[in-house]
Each structure stands twice: as structure tokens, then as C-alpha cells.
Chemist: 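Sharing a structure below in C-alpha cells format, with a few things to ask.
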Number of protein chains: 2
Amino acid sequence: MESKKNLKSEHLKFAVLAVDAVCFRVKEGVLELLLGKIGSDNNIYKGQWAHIGGLIYSEETADQSVDRLLGDKGGIKNIHREQLYTFSDIDRDPRGRVVSVAYIALTNNDDIQNKNDAELETKWCPLSNLPKLAYDHNEITKVAVERLRSKIIYTDIAKYFMPTEFTLSELQKVYEAVLGEGMDKRNFRKRIISLNLLKNTKKTVKKGVMRPATLYTFK
Amino acid sequence: MESKKNLKSEHLKFAVLAVDAVCFRVKEGVLELLLGKIGSDNNIYKGQWAHIGGLIYSEETADQSVDRLLGDKGGIKNIHREQLYTFSDIDRDPRGRVVSVAYIALTNNDDIQNKNDAELETKWCPLSNLPKLAYDHNEITKVAVERLRSKIIYTDIAKYFMPTEFTLSELQKVYEAVLGEGMDKRNFRKRIISLNLLKNTKKTVKKGVMRPATLYTFK
DNA sequence: TCAAAAGTGTTGCTCATACACCCATGA
DNA sequence: TCATGGGTGTATGAGCAACACTTTTGA
């Protein structure tokens with residue numbers, strides 16, 4: 001039931017809708033987040049870091065908005081993203097009433113171009129030394145990390161962190177980076193194989209002075 | 001990262017934020033939803049049923065908005081609600097661009113007053129014969145029921161359907177109504193007791209010609 | 001003594017965990 | 001032959017599913 005009789009009343013004149021994307025990758029065994037530096041002079045958070053985000057256009061859905069913003073501001077295309085939570089605290093943005101639909105986004109390192117169309121300074125920051133972020137973005141991060149950690153154990157969401165072909169050890173490193181704890185190699189392999197999500201490519205790869213490892217893909 | 005430089009551009013002039021509450025109860029072993037009938041003449045859905053909802057005021061959060069609307073339009077106070085998902089399809093409301101933050105709400109039958117402040121016709125409708133609803137509310141219902149079903153098996157959310165004191169059989173009936181399937185009495189009791197959420201009041205109750213049942217409360 | 005719901009135990013299976021050694025390779 | 005990571009099996013305990021009968025009560 002949505003009534004529009006109040007559409008033009010003073011209740012609504014500040015309704016502004018945004019999206020924010022908590023964008024993760026796992027690089028060399030470390031869970032990292034993509035941050036952008038706030039540059040505009042009339043923002044009291046100028047110079048601080050925040051998740052990539054922006055206003056939703058009236059001709060796009062929230063999903064489309066996230067894709068556009070991650071592309072334009074983060075230089076990332078074809079990313080996996082899913083809606084996280086909508087943050088609507090009245091004072092979450094000091095410039096006015098901004099309600100933000102937050103997303104988690106997951107990428108492997110291959111789809112990242114290190115340029116973006118906006119003049120936005122970005123960086124990847126390990127979750128373990130995240131600075132104080134602008135707005136309520138530390139709180140959003142907390143919810144996002146919780147969601148990511150719970151989904152990686154009961155879904156195949158880890159695949160969005162992986163390249164097409166990978167070894168079981170690489171996959172295990174991703175799980176460990178996300179969950180922040182080591183796992184038993186034998187139990188990890190047994191469980192992941194029994195989930196029946198992986199396909200053995202029969203190819204092997206070797207990185208250094210050691211036995212070659214079998215390459216897998218997600219089905 | 002939210003930039004407000006486009007705040008006044010034509011991209012935004014239709015941004016309207018609403019909430020919708022998929023409000024559940026279990027009555028006599030049947031899972032029901034609260035619906036309101038659309039009355040306004042300038043709505044093409046006039047006469048159809050929809051979830052309780054409305055626009056978010058600029059001085060309230062989405063949570064507060066749901067509480068207000070369920071109170072005013074549904075006559076329900078002190079309800080448990082949690083955010084479900086934000087629906088942002090461009091054409092989901094034919095009157096214009098309305099983004100809706102959907103909630104699930106759970107009530108036991110005691111907090112329901114059968115009057116509301118708005119002149120809104122409401123009814124409780126069994127999920128099993130839900131009519132075609134206005135807007136995208138059938139889709140919202142689907143997501144809401146999925147969420148309710150998954151949460152009832154790994155959380156104690158069922159308590160919001162129960163009165164203060166209840167028998168294990170009554171609790172089981174609620175689980176069965178939500179999940180849509182019968183459960184084994186012995187296994188149900190074992191599991192629910194082992195979760196350690198219940199407290200035996202040592203009181204018993206009797207409804208008819210039968211052995212009295214023990215009353216429990218949630219801790 | 002009957003009807004109606006309350007209440008109760010055991011067994012087998014599946015799944016998660018804990019745990020240690022050998023293998024293949026190139027230097 | 002050594003260093004490095006790749007790869008494997010077993011035993012134990014916890015939790016879930018299947019399954020049927022006895023108890024209490026009032027009519």
C-alpha cells in the first residue's frame with residue numbers, strides 16, 4: 001500500500017536515494033575493500049575514504065546504479081553484487097537526508113582496470129587496517145563483512161573471487177582470508193569436493209620448486 | 001561515496017521512498033497476511049489488495065516508518081519487524097518512481113486491534129489463497145515467505161507469533177503452518193528443548209477432554 | 001472404557017572435526 | 001637430498017530422521 005497523496009508535502013522534500021557498494025577482493029591471501037577518496041570541497045568528509053557510491057537515477061534500478069557507479073568510479077565491470085541492507089538513519093549524511101541501499105560486491109583481480117572515468121582517487125585497503133571511513137560506512141562495512149562471512153560457508157559465493165582456473169590451495173586461501181582463520185587442508189578438500197560445485201580440469205600448474213597442483217573450475 | 005552534485009538534476013526529481021510491510025500471523029494453524037484495500041480514486045489498483053505501506057517521512061527512519069504505518073493503517077502496535085529487501089524496479093508503481101524498502105512483520109494475535117486510524121479496509125488473508133495483489137506485492141510476498149521460512153529454522157523468530165505462555169503442541173503448529181509441512185512430535189520437542197530458548201513454567205493448561213499440557217515461555 | 005491429545009527413547013545415518021604422513025618436483 | 005607445497009584416510013562425536021506406544025484426563 002503506497003499512497004501518494006503526501007507526495008508533495010514537506011515530509012518528502014528531502015528524500016534522496018543512493019547506493020553504496022562494499023566491494024571486496026582477495027589479493028595474496030588478504031581480504032581487501034575498494035575505497036574512494038572524497039574530493040568535493042563542500043563535503044565535511046573531504047579527504048576521507050568511503051565506499052564507492054552515489055545517487056540513484058530515476059531511470060535506473062538500484063542494481064543498475066551500482067553497476068554504473070562501480071564502472072565509472074571504480075573502473076570495474078562485470079562484477080558480482082547483491083543487495084545488503086538499506087540504511088536510513090536520519091543523520092547518516094550530514095549534507096541532508098540520504099537513504100542508501102548498500103550492496104556487497106565481489107571481484108577477482110582480473111576485471112579490475114586501474115583507471116576510472118571520474119577523477120576519483122581509489123585504493124584497495126585490507127580489511128584488517130581499515131581506517132575510519134566517512135558517513136556510516138564503518139557500520140555498513142561491519143554488516144557487509146558479516147554477510148560475506150556467513151554466505152561463503154553456505155553458498156558458492158567464493159567463486160566470484162576466483163579466476164577461471166585455480167588450485168584447491170588457492171581456493172582455501174580465499175576462504176581463510178574471508179573467514180580470518182586457518183582451515184584443515186584435508187577437511188576443506190573433502191567438503192568442497194563433496195559439494196559438487198567444482199570440475200577437475202585435469203590440467204596442472206606449477207609455481208616454483210614443488211609438485212604441480214591440479215586446476216579446478218567452478219561448474 | 002555519495003555525491004550530491006546531481007542532487008537537483010532531472011535524474012532525481014522522481015525519487016520517492018516508501019516502505020511496505022508483509023505482516024504475518026498464525027491463526028488456528030494457518031499462516032495469514034495482513035492486507036489493506038486500496039481506496040484512492042486516482043489509483044489504477046483501486047479496489048485491489050496490497051500490503052500495508054506508505055511513504056517514508058524525512059524525519060523518520062525506515063524502521064520508524066513501518067511502525068507508524070502498521071499502527072495507523074493496521075491498528076497493530078509493538079510488532080516485531082525486520083528489513084527484507086529494497087525493491088527498486090522502475091515501473092513497480094504506475095504512478096511514478098517509487099522505491100520501496102520492504103519489511104517482514106510478525107505478530108501474535110494479542111496485539112491486534114481491529115480498528116485503525118486511517119479509513120482503510122483491512123483483512124487477514126491465508127497465504128494459501130492470496131489473491132493477485134497490487135503493484136509488485138506478490139513478488140514481495142514471495143521473497144518475504146522465503147525469508148520467514150528460512151529464518152524460522154535457524155533463529156527463534158517463531159516467538160513473535162506466540163503468546164507469552166504456550167504449549168509445545170501450539171508452538172509446533174506454528175512451525176508447521178509457516179513451513180507448510182507436518183513435523184514429528186518427538187523430534188520437534190527434542191530439538192526445541194535442546195536449543196535452550198524455552199522455560200518450563202511448571203504450569204499446565206487443559207483445553208477439553210484430555211491430558212493437561214505444560215506451558216512454556218521464551219526465555 | 002473410550003476418545004483425544006500429552007508425553008517419551010532408541011537406532012542408524014550423515015556430517016563435521018581432529019589429526020600425520022608420503023608424494024612430486026627442481027634446485 | 002632437500003625444501004616446498006600437493007595430496008591423501010580414519011576414527012570419533014554430534015546432530016538429525018525415522019519410528020510406536022503409554023499416560024492423563026473428563027465424559
Side-chain angles (χ1 to χ4, degrees), chain A residues 26-30 149-156 158 162-163 165-218, chain B residues 26-30 149-156 158 162-163 165-218:
Chain A
V26 177
K27 175 101 169 181
E28 285 153 24
V30 177
R149 285 187 174 146
S150 74
K151 289 208 82 165
I152 207 173
I153 59 187
Y154 73 93
T155 74
D156 62 349
M162 307 306 294
E165 301 187 327
F166 50 87
T167 69
L168 291 184
S169 293
E170 287 164 354
L171 184 60
Q172 184 176 345
K173 278 208 194 76
V174 166
Y175 273 80
E176 291 175 337
V178 169
L179 295 172
E181 60 186 28
M183 304 173 85
D184 180 88
K185 185 163 50 160
R186 280 163 299 187
N187 292 336
F188 177 79
R189 283 164 188 242
K190 255 180 302 181
R191 192 170 56 252
I192 211 79
I193 295 291
S194 75
L195 292 178
N196 223 31
L197 302 168
L198 299 185
K199 195 169 130 217
N200 184 330
T201 65
K202 313 279 182 184
K203 289 189 278 184
T204 58
V205 68
K206 192 164 49 62
K207 292 171 301 194
V209 187
M210 61 190 118
R211 178 173 174 175
T214 304
L215 285 170
Y216 288 80
T217 59
F218 275 94
Chain B
V26 176
K27 176 102 170 180
E28 284 154 24
V30 177
R149 286 186 174 148
S150 74
K151 287 207 83 165
I152 207 174
I153 58 187
Y154 73 92
T155 74
D156 61 350
M162 306 307 294
E165 300 188 326
F166 50 87
T167 69
L168 291 184
S169 294
E170 287 163 354
L171 184 59
Q172 183 176 347
K173 277 208 195 74
V174 166
Y175 273 80
E176 291 174 338
V178 170
L179 295 172
E181 61 186 28
M183 303 172 84
D184 180 87
K185 183 162 53 158
R186 282 164 296 187
N187 292 336
F188 177 80
R189 283 162 189 246
K190 254 179 303 179
R191 192 169 57 251
I192 212 79
I193 296 290
S194 75
L195 292 179
N196 221 33
L197 302 167
L198 299 185
K199 194 168 131 216
N200 185 330
T201 66
K202 313 278 183 185
K203 290 189 277 186
T204 58
V205 69
K206 193 164 47 62
K207 292 171 299 193
V209 187
M210 60 190 118
R211 177 173 175 177
T214 305
L215 285 169
Y216 289 80
T217 58
F218 276 94

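So that the names make sense, note that chain A is the first sequence line, chain B the second, and so on, each numbered from 1.
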Chemist: Could you go through the side chain to side chain contact (heavy atoms under 4.5 Å, CB included) check for B/Met162 and B/Leu171 one step at a time?
Modeler: CA-CA 7 Å; B/Met162 306 307 294; B/Leu171 184 59; 3.7 Å; yes

Chemist: With respect to the phosphate group of C/dG7, does any side-chain polar atom (N or O) of B/Thr214 fall under 4.0 Å of OP1 or OP2?
Modeler: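 Yes, because at least one side-chain N or O of B/Thr214 sits under 4.0 Å from OP1 or OP2 of C/dG7.
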
Chemist: In terms of the nearest nucleotide of DNA chain D, which residue is placed more toward the 5' end: B/Val209 or A/Thr167?
Modeler: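 Upstream on the strand: A/Thr167.
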
Chemist: Separation of B/Asn187 atom CG from C/dT14 atom C1', in whole Å?
Modeler: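 B/Asn187 atom CG is separated from C/dT14 atom C1' by 15 Å.
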
Chemist: Determine whether B/Leu215 and B/Thr204 satisfy the following criterion, side chain to side chain contact (heavy atoms under 4.5 Å, CB included), listing intermediate values before the conclusion.
Modeler: CA-CA 5 Å; B/Leu215 285 169; B/Thr204 58; over 6 Å; no

Chemist: Side-chain donor or acceptor of A/Arg186 under 3.5 Å from a matching atom on the base of C/dA20?
Modeler: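 Such a pair is found, so the answer is yes.
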
Chemist: Pick base, sugar-phosphate or nothing for A/Lys207, based on heavy-atom distances below 4.0 Å to the nucleic acid.
Modeler: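 The residue A/Lys207 makes no contact with any strand.
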
Chemist: I need the B/Thr201 OG1 to B/Tyr216 OH distance, nearest 0.5 Å.
Modeler: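 It comes to 8.5 Å.
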
Chemist: If you compare every side-chain N and O of B/Arg191 against the phosphate oxygens of D/dC16 (OP1, OP2), does one of them come in below 4.0 Å?
Modeler: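 Checking D/dC16 against B/Arg191, no side-chain N or O comes under 4.0 Å of OP1 or OP2.
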
Chemist: Taking CZ from A/Phe188 and P from D/dG6, how many angstroms apart are they, rounded to a whole number?
Modeler: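 Taking CZ of A/Phe188 and P of D/dG6, I get 12 Å after rounding.
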
Chemist: Expressed in angstrom and rounded to an integer, what is the separation of B/Lys202 atom NZ from C/dG7 atom C1'?
Modeler: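 Rounded to the whole Å, the gap is 15 Å.
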
Chemist: Roughly, in whole Å, what's the span from CG in A/Asp184 to C1' in C/dC15?
Modeler: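 To the nearest whole Å, that distance equals 15 Å.
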
Chemist: Within this structure, what is the NZ-to-P distance between A/Lys190 and D/dG6, rounded to whole angstrom?
Modeler: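 That distance rounds to 18 Å.
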
Chemist: OP1, OP2 of D/dG6 versus side-chain N and O of A/Ser169: anything below 4.0 Å?
Modeler: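 Answer is yes, contact under 4.0 Å.
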
Chemist: Answer whether the closest heavy-atom distance between the side chains of B/Ile192 and B/Tyr175 falls below 4.5 Å.
Modeler: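 Counting from C-beta outward, B/Ile192 and B/Tyr175 do come under 4.5 Å.
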
Chemist: Would you kindly give the CG-to-C1' distance between B/Asn196 and D/dG15, to the nearest whole Å?
Modeler: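 Atom CG in B/Asn196 sits about 16 Å away from atom C1' in D/dG15.
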
Chemist: Just how far, in rounded Å, is C1' of D/dA20 from CZ of B/Arg189?
Modeler: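 Taking atom C1' of D/dA20 as the reference, CZ of B/Arg189 is at 15 Å.
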
Chemist: Stepwise, does the side chain to side chain contact (heavy atoms under 4.5 Å, CB included) test hold for B/Thr217 with B/Leu198?
Modeler: CA-CA 6 Å; B/Thr217 58; B/Leu198 299 185; over 6 Å; no

Chemist: Can you find a donor-acceptor pair, distance only, under 3.5 Å between B/Lys185 side chain and C/dG7 base?
Modeler: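 Donor-acceptor pair under 3.5 Å: yes.
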
Chemist: Nearest nucleotide by nearest heavy atom, which residue falls closer to the 5' end of DNA chain C, B/Arg211 or A/Ser194?
Modeler: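 Counting from the 5' end, the first nearest nucleotide belongs to B/Arg211.
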
Chemist: Roughly, in whole Å, what's the span from NZ in A/Lys203 to P in D/dG6?
Modeler: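 Taking NZ of A/Lys203 and P of D/dG6, I get 18 Å after rounding.
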
